[in-house]
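Below is one structure; the comments refer to it alone.
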Protein chains: 4
Amino acid sequence: MKNELTKQSILLFEKKGFNQTSIQDIVNALDVTKGTFYYYFASKEQLLMDIHHDYITNLLKRQYGILDDEHLTQKEKLMKIIHLLITDIADQGPSARVFFREIRYLSDENIETIKQKRNQFRLNIQKVIEEGSKLGEFHNELRADMLSFGILGVTNWSYNWYKTNGEVSPDELTKIYADMILTGIAKRR
Amino acid sequence: MKNELTKQSILLFEKKGFNQTSIQDIVNALDVTKGTFYYYFASKEQLLMDIHHDYITNLLKRQYGILDDEHLTQKEKLMKIIHLLITDIADQGPSARVFFREIRYLSDENIETIKQKRNQFRLNIQKVIEEGSKLGEFHNELRADMLSFGILGVTNWSYNWYKTNGEVSPDELTKIYADMILTGIAKRR
Amino acid sequence: MKNELTKQSILLFEKKGFNQTSIQDIVNALDVTKGTFYYYFASKEQLLMDIHHDYITNLLKRQYGILDDEHLTQKEKLMKIIHLLITDIADQGPSARVFFREIRYLSDENIETIKQKRNQFRLNIQKVIEEGSKLGEFHNELRADMLSFGILGVTNWSYNWYKTNGEVSPDELTKIYADMILTGIAKRR
Amino acid sequence: MKNELTKQSILLFEKKGFNQTSIQDIVNALDVTKGTFYYYFASKEQLLMDIHHDYITNLLKRQYGILDDEHLTQKEKLMKIIHLLITDIADQGPSARVFFREIRYLSDENIETIKQKRNQFRLNIQKVIEEGSKLGEFHNELRADMLSFGILGVTNWSYNWYKTNGEVSPDELTKIYADMILTGIAKRR
DNA sequence: GATGAATGAGATTTCATTCAT
DNA sequence: TATGAATGAAATCTCATTCAT
């Protein structure tokens with residue numbers, strides 16, 4: 001039941017937004033009553049926090065799976081992280097959109113917790129760039145911090161428009177963006 | 001008064017979100033009454049629409065100023081558009097954040113109007129890329145559509161984190177991102 | 001201007017009701033401003049009172065025109081009064097409907113004034129019946145009071161449904177109702 | 001509770017009118033809170049619709065009870081319907097007055113529904129008159145439609161003035177009006 | 001585990017009226 | 001005569017949450 005409530009909530013939060021979704025909406029969708037909701041969740045915000053926590057924890061875990069693979073070059077790591085984000089937003093659309101859009105409705109304390117994890121994710125990208133620079137895979141003197149934000153922008157922005165069932169697959173989109181980030185779009189003279 | 005209400009609303013919407021900001025909050029900040037608000041705005045949503053409309057209209061106008069300059073190469077146009085976005089988000093932070101975050105609270109009809117203009121802005125970027133490819137400034141066979149989304153991601157994402165008063169100026173950030181987009185971060189072998 | 005305001009108000013009060021019609025609605029219809037309204041009327045209620053007072057005063061005056069005509073039998077007087085009411089409701093539809101429906105929105109004091117005049121109108125009918133009984137035009141021992149209410153019911157109810165432009169003219173309707181009231185619908189054995 | 005809210009509302013609507021009665025007034029009278037009201041009714045209008053629907057449904061049911069009785073002549077049916085209306089208005093005064101006065105505050109859609117039922121009630125009277133004409137109980141060539149409106153006027157108007165506790169009982173009033181309608185008030189020469 | 005009646009605080013909106021100009 | 005900005009009181013409605021069962 002808790003699981004069903006969470007799933008249904010994600011769908012509703014995505015469609016109508018956290019604030020526009022009432023507990024009543026959620027329990028109606030499952031044909032149970034409000035009491036049931038409060039049996040499983042301490043508050044509406046707690047549910048939102050659960051969703052956020054699950055999402056970022058899972059993402060971080062998978063990022064570490066990439067980072068910890070010693071056979072990969074930094075370039076490969078970066079590509080795999082881009083791929084991770086694109087596919088995740090494509091596959092878990094609703095969760096991803098709730099994650100990016102509704103963080104504001106968490107309590108200050110919870111926002112802090114989530115932002116820390118989000119920042120950790122970004123810092124890990126920054127480190128890949130720094131390491132790549134040092135190892136000669138990437139240019140020297142890159143602003144790894146600014147670039148990590150830029151790369152996250154490229155990928156995360158896709159939650160605003162990207163639809164899996166379009167003509168471009170996640171794999172293709174990954175290649176398009178990785179090419180742009182690694183080699184640019186300008187022709188060499 | 002209408003102007004003051006709009007300005008104050010933007011600040012509050014940015015800080016607390018559209019939904020979390022009550023009309024009471026707005027009028028309290030200016031020491032007037034709710035009646036005054038409704039003398040100037042038909043509804044809370046109408047105010048939000050005004051904000052959105054002003055923002056995107058201004059942005060589009062400035063984009064066309066760049067596009068219509070015949071002395072510029074496509075590469076230069078692209079750089080100027082990136083610069084336009086970065087500086088705009090830096091300078092008009094609150095408006096920009098309201099624009100990106102609160103569009104959801106518009107009516108379906110108004111969302112449509114705004115999205116059309118937003119899409120026009122993106123299509124204009126796409127055309128620059130296509131033209132650049134044709135003229136030999138950029139690679140051939142680029143997915144100009146996907147790249148236009150990616151470039152917007154890089155710049156627009158900055159509303160989430162970028163602060164003007166940090167160590168990196170808008171001009172510098174523009175250069176960092178233009179370099180990445182045009183020539184990539186990977187070292188050529 | 002005062003006259004135009006009154007006329008327009010009657011039309012709006014009929015269509016939307018007194019309460020549902022705002023001063024704004026009224027002045028909008030004449031392209032003036034609220035200040036203008038309050039220059040001519042002390043309050044919204046005062047306007048309604050004016051409308052009521054004009055209506056019932058006019059009706060009473062015309063009733064006395066009938067009553068004071070010494071050439072008429074009581075039967076003829078009754079018929080003329082029925083005719084007066086039917087035609088008035090037909091001709092002055094909006095005023096009539098406002099008069100019957102919106103009295104509630106007058107102040108207690110004003111209600112009293114209007115009700116007194118309305119009752120005078122009814123009492124005058126009652127007197128015609130009593131006089132007719134005494135003179136042998138009508139049956140003896142009629143409950144003239146109850147009948148006066150009944151006759152007013154027949155005629156006044158028409159404001160609820162009667163439309164002049166239908167197939168039955170006010171003159172025809174008067175005859176139908178006068179026949180019913182005077183001779184009944186049952187066949188004599 | 002729902003029932004108590006409805007009952008109390010009818011009393012308040014009668015006394016002050018639908019518009020002049022706030023939800024606050026209603027719940028204050030029962031010492032509950034506004035939330036309670038909205039737990040039971042979707043809106044203030046829904047409550048009004050419930051009242052209307054119940055009233056006219058009950059009235060129609062009782063009318064059919066009369067119409068379907070094959071032992072009755074048309075004259076008797078007409079008398080019983082008059083009796084039904086008079087007693088109903090006398091007994092259920094508040095409901096009746098709300099029914100006649102406040103229909104305007106229903107939504108267009110709901111007005112339509114109620115008016116259809118009201119019209120059915122009237123058409124049933126019209127049919128009795130037509131049938132009575134055919135069977136020789138009533139005159140030929142009566143305008144049964146206009147007369148049905150007139151008869152309803154006689155009875156329904158009583159909600160405006162009739163008080164049970166006066167000197168005339170519902171049974172007596174029924175006789176007075178039935179006599180007028182069937183045989184008229186004029187003396188036969 | 002689950003129900004559902006009840007709460008209470010707050011949100012948006014309406015509008016008659018005032019008043020300085 | 002007329003304007004229009006501003007007020008303030010009240011109205012409808014929403015909803016997260018509680019709690020006895």
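Below, chain A is the first sequence line, B the second, and so on; all start at residue 1. Computed from a predicted structure; not experimentally measured.
For A:L5 and E:dG1, the CG to C1' distance is 12 Å, given to the nearest whole Å. Regarding B:K2, its NZ atom lies at a distance of 15 Å from the P atom of F:dG4, rounded to whole Å. In this structure, C:Y39 atom OH and E:dA20 atom P are separated by 17 Å, rounded to whole Å. Rounded to a whole Å, the CG atom of B:N28 is 10 Å from the P atom of E:dA11.
Atoms CZ and OG1, on B:F13 and B:T6 in that order, are 9.5 Å from each other to the nearest 0.5 Å. With values rounded to the nearest 0.5 angstrom, B:L59 atom CG is found 8.5 Å from B:I89 atom CD1. The CG atom of A:L106 lies 5.0 Å from the NE2 atom of A:H52; values are rounded to the nearest 0.5 Å. Rounding to the nearest 0.5 Å places CG of D:L48 at 7.0 Å from CD of D:E45.
With B:R97 contributing its side chain and B:Y159 its backbone, the two residues share a donor-acceptor pair below 3.5 Å. Panel note: side chain D:K44, backbone D:F18; a donor-acceptor pair is recorded below 3.5 Å.
With 3.5 Å as the limit, one finds a donor-acceptor pair spanning the side chains of C:S22 and C:D25.
No more than 12 heavy-atom neighbours from other residues, nucleotides or ligands sit within 6.0 angstrom of NZ on D:K115.
Nucleotide F:dT21: paired with E:dA2 (Watson-Crick or G-U wobble, both distances less than 3.5 Å).
Of the candidates E:dG4, E:dT7, E:dG1, E:dT7 carries the atom nearest the D:V32 side chain, counting heavy atoms from C-beta on.
Of the residues in residues 104-112 of chain A, not one places a heavy atom less than 4.0 Å from an atom of DNA chain E.
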For this session: Start with the C-alpha distance between B:I103 and B:R118, add both sets of side-chain angles, then the distance that settles side-chain contact (heavy atoms from CB on, under 4.5 Å), and finish with yes or no.
Result: CA-CA 11 Å; B:I103 186 172; B:R118 278 176 77 155; 3.8 Å; yes
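Each of C:T33 and B:T33 lies near DNA chain F, and the nucleotide nearest C:T33 is the one positioned closer to the 5' end.
Contact annotation for A:F41: no contact, since no heavy-atom pair falls under 4.0 Å across all strands.
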For this session: Do nucleotides 10-17 of chain F as a string where each nucleotide becomes B, S or -: B if the base has a protein heavy atom under 4.0 Å, S if just the sugar-phosphate does, - if no protein is that close.
Result: BSBBBBBB
